[in-house]
Amino acid sequence: MSKTINFNFDIYSKVISTTANNYLIRTKFTVEENSTFSEICNNWVQHFSAVTKTNWIVFKTYPNKQRYAYRKDYVCQHASKHKSLSLEQTPDKNRIRNKNCQASINILIKNGTPNTLRKDEFLRKGLNTEIKISFEHTHKVDNAEAYSYLRVCSKVKNEFVEYFASGMTPAVAKLP
């Protein structure tokens, strides 16, 4: 199932290649005080999720590698990772989250060593992060069923917590 993605980046990002729902993006990730590469990757994926209306789960992290500063791989929430493969185990046979989706996001933050700077023109320009997106989903991403699987954002959760903290109940919230 295909969906066109429009990337609007600032001066520090560049879409390198796009072929059949596969994208290669170079950007600049910098660690500021009280943040880590992991948090920066998660924030980027959360923003990407909001724009594309998809959810991604962490597949694997590579925190302490010599060849690069950090790497984190994500897969679509409908991938087979941590999913039951048996239809008999699900109460509603039509609501199966495991769709064997192959869509993925791979984020690689490169070290600025003399050798990598010599070989990588984008790293010389300050674009130290390579993001590979495979947006080849095995399911529809723009229909009611797909939207029903999206997780509720923290802003909406906090609003409901405030409602219940102020004494509002579901019966009070019901419209006339």
Side-chain angles (χ1 to χ4, degrees), residues 1-83 97-142 146-147 149-157:
M1 310 302 137
S2 66
K3 181 176 185 173
T4 303
I5 304 171
N6 293 322
F7 293 105
N8 294 319
F9 291 117
D10 58 13
I11 194 169
Y12 297 110
S13 299
K14 181 173 179 142
V15 176
I16 306 303
S17 68
T18 60
T19 56
N21 287 323
N22 292 308
Y23 303 90
L24 177 60
I25 302 166
R26 289 299 294 262
T27 190
K28 182 178 182 177
F29 283 179
T30 54
V31 176
E32 297 172 2
E33 282 188 44
N34 302 324
S35 69
T36 63
F37 280 134
S38 180
E39 292 170 349
I40 293 168
C41 292
N42 289 339
N43 289 340
W44 192 93
V45 170
Q46 284 177 353
H47 180 70
F48 182 79
S49 296
V51 171
T52 60
K53 294 184 176 54
T54 55
N55 275 332
W56 302 87
I57 54 177
V58 175
F59 181 70
K60 197 169 187 181
T61 59
Y62 309 81
N64 299 316
K65 294 294 182 179
Q66 193 172 14
R67 294 183 62 193
Y68 42 82
Y70 192 79
R71 179 178 166 190
K72 199 166 195 176
D73 298 341
Y74 297 84
V75 293
C76 176
Q77 69 172 343
H78 295 293
S80 59
K81 180 178 172 60
H82 298 306
K83 308 288 187 309
R97 199 177 284 265
N98 179 11
K99 301 196 186 315
N100 292 317
C101 187
Q102 299 299 311
S104 64
I105 299 174
N106 301 325
I107 301 176
L108 175 69
I109 303 169
K110 296 185 175 188
N111 287 327
T113 64
N115 190 34
T116 56
L117 286 169
R118 183 172 44 88
K119 292 181 178 181
D120 190 341
E121 70 175 282
F122 296 106
L123 194 55
R124 284 193 302 268
K125 295 177 182 176
L127 303 177
N128 67 337
T129 305
E130 183 177 277
I131 302 171
K132 293 180 182 175
I133 302 170
S134 171
F135 211 70
E136 295 286 336
H137 292 275
T138 59
H139 54 90
K140 293 185 180 197
V141 294
D142 55 358
Y147 293 152
Y149 285 112
L150 293 177
R151 288 168 176 78
V152 177
C153 69
S154 59
K155 179 181 173 187
V156 173
K157 284 182 185 178

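For this chain, numbers begin at 1 and follow the sequence in order. What's counted below: heavy atoms across the whole structure, side chains too, no hydrogens, waters or symmetry copies.
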May I ask you to test the [X]-[Y] pair for a side-chain heavy-atom distance under 4.5 Å?
{"X": "Arg26", "Y": "Lys110", "answer": "yes"}
{"X": "Glu39", "Y": "Asn34", "answer": "no"}
{"X": "Asn42", "Y": "Tyr74", "answer": "yes"}
{"X": "Thr129", "Y": "Tyr70", "answer": "no"}

Heavy atoms only: give me the nearest [X]-[Y] pair and the separation to one decimal.
{"X": "Trp56", "Y": "Cys76", "answer": "CE3-N, 3.5 Å"}
{"X": "Val31", "Y": "Ile40", "answer": "CA-CD1, 3.9 Å"}
{"X": "Ala69", "Y": "Phe37", "answer": "CB-CE1, 3.9 Å"}

Take Ser134 and Asn22 through the side-chain hydrogen bond (donor to acceptor under 3.5 Å, both in side chains) test and state the conclusion after the steps.
CA-CA 5 Å; Ser134 171; Asn22 292 308; 3.2 Å; yes

Spatial distance of atom [atom1] ([X]) from atom [atom2] ([Y]) [nearest 0.5 Å]:
{"X": "Lys28", "Y": "Ile109", "atom1": "NZ", "atom2": "CD1", "result": "13.0 Å"}
{"X": "Leu108", "Y": "Glu130", "atom1": "CG", "atom2": "CD", "result": "5.5 Å"}
{"X": "Asn111", "Y": "Thr116", "atom1": "CG", "atom2": "OG1", "result": "6.5 Å"}

Would Asn106 and Phe59 count as a side-chain contact (heavy atoms from CB on, under 4.5 Å) if you check the C-alpha gap in whole Å, the side-chain angles of each, and the deciding distance to 0.1 Å?
CA-CA 10 Å; Asn106 301 325; Phe59 181 70; over 6 Å; no

Chi angles and distances behind the side-chain contact (heavy atoms from CB on, under 4.5 Å) call for Phe29, Ile131:
CA-CA 11 Å; Phe29 283 179; Ile131 302 171; 4.1 Å; yes

Residue pair Tyr68, Asn128: steps toward the side-chain hydrogen bond (donor to acceptor under 3.5 Å, both in side chains) verdict
CA-CA 10 Å; Tyr68 42 82; Asn128 67 337; over 6 Å; no

Carefully, step by step, assess Ile105 and Cys41 under the rule side-chain contact (heavy atoms from CB on, under 4.5 Å).
CA-CA 10 Å; Ile105 299 174; Cys41 292; over 6 Å; no

Would you please classify the geometry between the Phe135 ring and the Phe48 ring as parallel, tilted or perpendicular, with 30° and 60° separating the classes?
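Rings of Phe48 and Phe135: perpendicular, over 60°.
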
Side-chain donor/acceptor of Arg124 to backbone N/O of Leu117, under 3.5 Å
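Flag set: sc Arg124 to bb Leu117 pair under 3.5 Å.
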
